[in-house]
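Below is one structure, written out as structure tokens, with a few remarks after it.
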Amino acid sequence: MNNKKKILKPLLHASIAACVASMSGYLSANEQTPIKIGMMLPFSGVYAGLGEAARNGLKQALKENQNTISGRPIEFIEMDTEAKPARAPEITSSLVDNQKADFIVGPVHSGVAMGMIKSIKGKDSIMIIPNAGANAATGAFCQPNVFRTSFSSWQTAYPMGKEAFDMGYKKVVTMSWNYGFGKESLAAFNESFTSAGGEVVKKILVPFPKTEFQSYLTEIASIKPDAVFVFFAGGGAVKFVKDYDAMGLKGKIPLLGSGFLTEGTTKAQGPASEGVITTLHYADSLDNAKNTTFRQQYQEQYGKPADLFSVQGYDAGQLIIDAVTATKGNTADKDALIKQMEQLEIDSPRGAFKFSKAHNPIQNVYLRKVVDGQNTVMKIAQQNLEDPARGCKL
Ligand code: BEZ
């Protein structure tokens with residue numbers, strides 16, 4: 001097999017949900033045409049767990065709808081991005097131009113998102129971002145056919161700056177992987193922390209996806225800040241929180257983060273994660289009927305607890321179902337679909353949300369603390385927070 005073919009081979013063969021025709025009796029030609037949902041997610045590498053959770057959530061939503069929408073079956077096409085931005089244009093173009101996907105759900109990594117957005121501009125597929133937070137995706141590079149069911153970088157880190165200052169921390173070290181999302185998270189924290197009166201005494205950037213943190217932690221120990229604010233996720237978050245404890249910093253210098261630090265990772269982090277305080281637009285403990293049912297069914301279906309990444313995949317599925325139901329199964333008229341999507345309220349496990357003009361969720365951001373391995377809500381840090389969508393002309 002030549003290299004190019006290998007790269008573009010779907011991870012799993014497309015699967016058309018079975019039994020549909022026999023269940024629904026007579027179907028017109030249009031009704032029998034599958035709705036194509038391409039997935040561009042990391043199924044390998046440091047973000048593999050996040051990609052798997054997003055896929056599980058997406059599939060759970062469609063399964064609850066009998067794997068059909070308005071009588072049409074669903075075809076999933078799964079592509080592994082490996083969280084490598086360089087792969088984005090080629091895979092996007094394969095899904096858009098060759099496979100003619102109606103929807104592309106992806107990605108997790110902000111660098112991949114920016115590559116996808118350039119390739120999908122003006123095309124006939126609709127991109128739904130189930131995680132990547134790059135501000136520009138619903139900011140300066142916003143597009144009519146790009147929606148996000150997750151967050152912007154700004155939304156998840158900005159509320160923590162004020163919270164940290166209110167907790168009495170005046171001098172903070174910030175740290176993240178050195179790529180778009182990490183840098184934007186630190187900038188958003190810095191924006192609200194310094195305007196409250198705090199000072200970021202050192203910013204540390206680590207090459208992505210490096211997980212050797214010891215030398216940076218030694219430096220932090222010598223600076224002795226009041227607190228540390230970080231962005232890491234997936235396997236990197238597990239390693240960072242464990243190293244922070246192992247190096248003796250836990251208990252001496254409080255650890256804060258955007259919520260990815262403890263999202264889907266507390267089991268692997270063990271006692272090292274206890275007491276870590278983060279901000280995020282979801283928490284395991286959210287007390288609403290939708291969250292309870294979602295978490296129960298996810299646990300039954302996949303044998304592990306749901307997390308934010310599965311919620312965002314699930315909501316991408318709900319968005320597709322609700323929009324295509326509203327157009328009575330018609331996916332040919334993409335402008336009509338987009339119009340429906342813009343008006344929808346998504347009944348999410350995080351709480352119902354609507355989209356901003358730039359197609360980003362307007363949502364609560366919670367202050368959370370890890371207690372007995374659970375991300376537990378302390379309070380709402382910011383209610384119905386809308387990203388400023390700087391530079392978006394929609
Ligand atoms: C991002 O690259 O946008 C991202 C990756 C993992 C968690 C959160 C954001």
Side-chain angles (χ1 to χ4, degrees), residues 40-55 57 80-88 105-117 127-139 141-142 146-160 175-189 205-211 229-241 257-266 268-269 276 278-283 307-313 315-316 350 360-361 363 365 368 375 387:
M40 280 184 64
L41 295 167
F43 298 118
S44 56
V46 74
Y47 285 160
L50 285 61
E52 191 198 322
R55 170 180 62 193
D80 182 5
T81 64
E82 300 169 40
K84 289 185 179 158
R87 306 205 56 205
V105 177
V108 160
H109 182 290
S110 279
V112 178
M114 295 319 293
M116 287 174 70
I117 287 171
M127 173 175 171
I128 303 175
I129 304 173
N131 187 70
N135 288 330
T138 53
F141 286 82
C142 66
V146 175
F147 283 75
R148 184 146 58 186
T149 55
S150 52
F151 51 86
S152 69
S153 319
W154 183 90
Q155 261 179 328
T156 54
Y158 180 84
M160 184 54 103
M175 178 171 173
S176 85
W177 274 314
N178 188 9
Y179 80 93
F181 182 78
K183 290 194 280 187
E184 287 180 352
S185 299
L186 301 195
F189 173 85
L205 295 173
V206 182
F208 178 83
K210 182 176 170 180
T211 56
F229 172 85
V230 304
F231 160 71
F232 291 105
V238 172
K239 180 76 170 26
F240 182 85
V241 169
S258 58
F260 310 104
L261 191 61
T262 54
E263 197 58 34
T265 51
T266 54
Q269 288 161 339
V276 174
T278 59
T279 41
L280 204 65
H281 49 291
Y282 180 70
D307 60 20
L308 170 75
F309 308 107
S310 52
V311 168
Q312 294 172 158
D315 289 343
R350 77 189 85 169
N360 192 62
Q363 54 196 340
V365 175
R368 321 157 345 140
N375 286 296
D387 179 83

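Predicted model, so just to flag it, every value in this text is computed and none were measured. Every number for a ligand or one of its atoms is a count from 1 in the order of the listing.
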Check: Gly133 N/O within less than 3.5 Å of ligand 1 N/O: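 Between Gly133 and ligand 1, an N or O pair is found under 3.5 Å apart.
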Numbered atoms of ligand 1 (with element) below 4.0 Å of [X], judged on heavy atoms:
{"X": "Tyr179", "result": "1 (C), 2 (O), 4 (C), 5 (C)"}
{"X": "Val108", "result": "1 (C), 2 (O), 3 (O), 4 (C), 5 (C)"}
{"X": "Tyr47", "result": "5 (C), 6 (C)"}
{"X": "Ala233", "result": "6 (C), 7 (C)"}
{"X": "Asn131", "result": "4 (C), 5 (C), 6 (C), 7 (C), 8 (C), 9 (C)"}

Ser153 side chain vs Ser185 backbone, donor-acceptor pair below 3.5 Å: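 Absent.
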Any Pro361 side-chain heavy atom under 4.5 Å of Arg350 side chain: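 Counting from C-beta outward, Pro361 and Arg350 do come under 4.5 Å.
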Ligand 1-proximal atoms of Ser110, by part, heavy-atom distance under 4.0 Å: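 Within the 4.0 Å criterion, Ser110 contacts ligand 1 through backbone and side-chain atoms alike.
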Arg368 side chain to Thr278 side chain, donor-acceptor N/O pair below 3.5 angstrom: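 Side-chain D/A pair, Arg368 to Thr278: present.
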Sub-6.0 Å ring centroid separation between Tyr47 and Phe208: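 Yes: the rings meet the under 6.0 Å criterion.
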Trp154 and Tyr158 aromatic ring geometry - parallel, tilted or perpendicular at 30°/60° bounds: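 Rings of Tyr158 and Trp154: parallel, under 30°.
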Taking every non-hydrogen atom, the tightest pair across Ser150 and Ala132: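 The pair with the smallest heavy-atom distance is OG-O, 3.8 Å.
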